[in-house]
Student: 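The following block contains the structure, expressed as structure tokens.
Lettering follows sequence order; numbering is per chain, from 1. The figures here come from the full heavy-atom set of this structure, side chains too, leaving out hydrogens, waters and symmetry mates.
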2 protein chains.
Amino acid sequence: MVLSKSSHYALRAALYIARHPESGYVSIKEITRELDLSFHFTTKLLQRLTQARLLLSCQGPKGGVRLARPPKNINLRQIVEAIEGPELFTGCLLGLNQCSDDHPCPVHRSWTGVRQRVTNLFEKTTLAQLVEPSHKNKLRLTNLE
Amino acid sequence: MVLSKSSHYALRAALYIARHPESGYVSIKEITRELDLSFHFTTKLLQRLTQARLLLSCQGPKGGVRLARPPKNINLRQIVEAIEGPELFTGCLLGLNQCSDDHPCPVHRSWTGVRQRVTNLFEKTTLAQLVEPSHKNKLRLTNLE
DNA sequence: TATATTTAAGACAAAGATGTCTTAATTAAC
DNA sequence: GTTAATTAAGACATCTTTGTCTTAAATATA
């Protein structure tokens with residue numbers, strides 16, 4: 001798996017929040033009901049996004065979470081990195097420590113090239129792009145059946 | 001992490017086996033001693049590679065494992081898929097089931113493109129390429145320190 | 001054949017990821 | 001202020017991955 005389940009859930013929740021037209025808070029209850037996720041588990045994932053300053057949260061009635069800034073200023077790498085750290089974007093394909101141009105593993109050079117393309121995708125893809133109306137037919141955020 | 005620790009270990013072990021000049025069996029004791037891996041855990045990983053017909057094994061004195069065919073005919077995808085399944089090469093970035101051109105998630109199109117580049121790298125990279133002499137300076141298979 | 005060596009296989013332990021539940025803290029609305 | 005609603009936080013359970021240990025099976029060699 002490229003991403004952990006936690007990242008899957010966090011990305012889907014972030015997209016749900018981003019596509020909410022009103023700029024108010026969205027309750028986590030609603031998010032998890034609509035996306036069919038565990039409420040408590042997702043709450044903790046969204047707490048991490050809040051701590052990473054990607055979301056704002058508010059307790060009490062009418063509370064919930066919202067994006068901390070315009071969706072065009074939040075990209076997929078920021079979300080993934082807040083949940084599971086930078087390993088995906090920096091790690092050696094063989095899991096070796098200090099793998100670098102100076103001390104490369106056998107796949108270092110070719111992997112670095114492909115990994116950069118992965119990183120580019122995550123960095124240049126923003127929440128805004130993924131929820132814009134022309135993408136309406138691609139807004140599926142839930143499992144089928 | 002792109003790959004599991006199990007895949008890391010299996011790839012490193014496979015490269016160690018491939019770079020052995022003699023075509024005889026290499027003992028798993030030697031592999032795990034040289035690569036600083038757990039003997040029993042690695043043994044089971046190599047069993048999976050044997051079951052996937054990537055390796056041959058032999059018990060008893062002078063026994064061990066060897067490549068089941070020339071290293072130019074074993075690529076990285078085969079090894080990874082034998083260890084952790086095809087998810088990396090086929091899965092949805094958001095973890096959704098049945099994500100396809102017909103029922104795409106918001107990142108389906110762009111992820112499919114990048115995922116294909118990852119797949120290409122794993123498929124076109126063979127053990128032979130990674131152990132050929134011109135790569136000698138890139139044969140690091142162990143952690144530093 | 002007997003022995004030593006090696007992989008095969010399975011039980012089990014430890015660690016980490018995932019998921020559930022309870023209580024505390026905060027806040028809107030009455 | 002009281003109440004209800006909501007996130008924050010932590011304890012705990014379950015499942016998966018990773019790692020260890022023991023025993024069985026196979027095989028080369030003497």
Student: Please report the distance, rounded to the nearest Å, between OH in B:Tyr25 and P in C:dA8.
Tutor: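 So the OH-P distance, B:Tyr25 to C:dA8, works out to 10 Å.
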Student: Would you mind reading off the distance between B:His8 atom NE2 and D:dG19 atom P, rounded to a whole angstrom?
Tutor: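 For the pair B:His8 NE2 and D:dG19 P, the rounded distance is 12 Å.
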Student: Could you tell me the separation between the CG atom of B:Leu37 and the P atom of D:dG19, rounded to a whole number of Å?
Tutor: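 My rounded result for the distance is 9 Å.
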Student: Show me the donor-acceptor pairs, under 3.5 Å and distance only, between side chains in residues 57-68 of chain A and residues at least two apart or in other chains.
Tutor:
none

Student: Would you say the side-chain atoms of A:Gln78 pair up with the backbone N or O of A:Leu54, donor to acceptor, closer than 3.5 Å?
Tutor: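 Not confirmed, A:Gln78 side chain does not pair with A:Leu54 backbone.
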Student: Given atom CE of B:Met1 and atom C1' of C:dG16, what is their separation to the nearest angstrom?
Tutor: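 From B:Met1 CE to C:dG16 C1': 10 Å.
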Student: Give a yes/no on whether any side-chain N or O of B:Ser6 is located under 4.0 angstrom from OP1 or OP2 of D:dT18.
Tutor: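 Result: yes.
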Student: Within this structure, what is the CG-to-P distance between B:Leu3 and D:dT17, rounded to whole angstrom?
Tutor: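 Atom CG in B:Leu3 sits about 14 Å away from atom P in D:dT17.
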Student: Between A:Arg117 (side chain only) and B:Arg117 (backbone N and O only), is there a donor and an acceptor less than 3.5 Å apart?
Tutor: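 Absent.
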Student: Does B:Arg48 use its side chain to pair, donor to acceptor, with the backbone of B:Ile83 at less than 3.5 Å?
Tutor: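 Confirmed, B:Arg48 side chain pairs with B:Ile83 backbone.
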Student: Nearest-Å distance, CG (A:Leu45) to P (D:dG10)?
Tutor: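 Whole-Å distance recorded here is 16 Å.
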Student: Using modelled atom types only, decide if a donor and an acceptor are shared between the side chain of B:Glu34 and the backbone of B:Leu141 within a distance under 3.5 Å.
Tutor: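 Such a contact is absent between B:Glu34 side chain and B:Leu141 backbone.
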Student: So, does A:Arg115 use its side chain to make a donor-acceptor pair with the main chain of A:Gly91 at under 3.5 Å?
Tutor: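 Yes.
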Student: Taking A:Thr32 for its side chain and A:Lys29 for its backbone only, find out whether a donor-acceptor pair lies under 3.5 Å.
Tutor: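 Yes, because the side chain of A:Thr32 sits within donor-acceptor range (under 3.5 Å) of the backbone of A:Lys29.
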Student: Do side-chain atoms of B:Asn143 reach the backbone of A:Asn97 as a donor and acceptor pair under 3.5 angstrom?
Tutor: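 Here the side-chain-to-backbone pair exists.
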Student: Whole angstrom is fine here: how far is it from CD1 in B:Ile28 over to P in C:dA9?
Tutor: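 That distance rounds to 12 Å.
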Student: Is there a side-chain polar atom (N or O) of B:Gln47 under 4.0 Å from OP1 or OP2 of C:dA9?
Tutor: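 Yes, because at least one side-chain N or O of B:Gln47 sits under 4.0 Å from OP1 or OP2 of C:dA9.
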Student: Can you tell me if CZ on A:Arg53 sees more than 12 non-hydrogen neighbours from other groups inside 6.0 Å?
Tutor: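 No.
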Student: What's the CD-C1' distance between A:Gln51 and D:dA8, to the nearest Å?
Tutor: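 Going from CD in A:Gln51 over to C1' in D:dA8 covers 9 Å.
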Student: In residues 81-95 of chain A, which ones come under 4.0 Å of DNA chain D, going by heavy atoms?
Tutor: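 Heavy-atom contacts with DNA chain D come from no residue of residues 81-95 of chain A; none.
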Student: Walk along nucleotides 19-28 of chain C from 5' to 3' and tag each nucleotide B, S or - by protein heavy-atom contact under 4.0 Å, base first, then sugar-phosphate.
Tutor: BBBB--BBBB
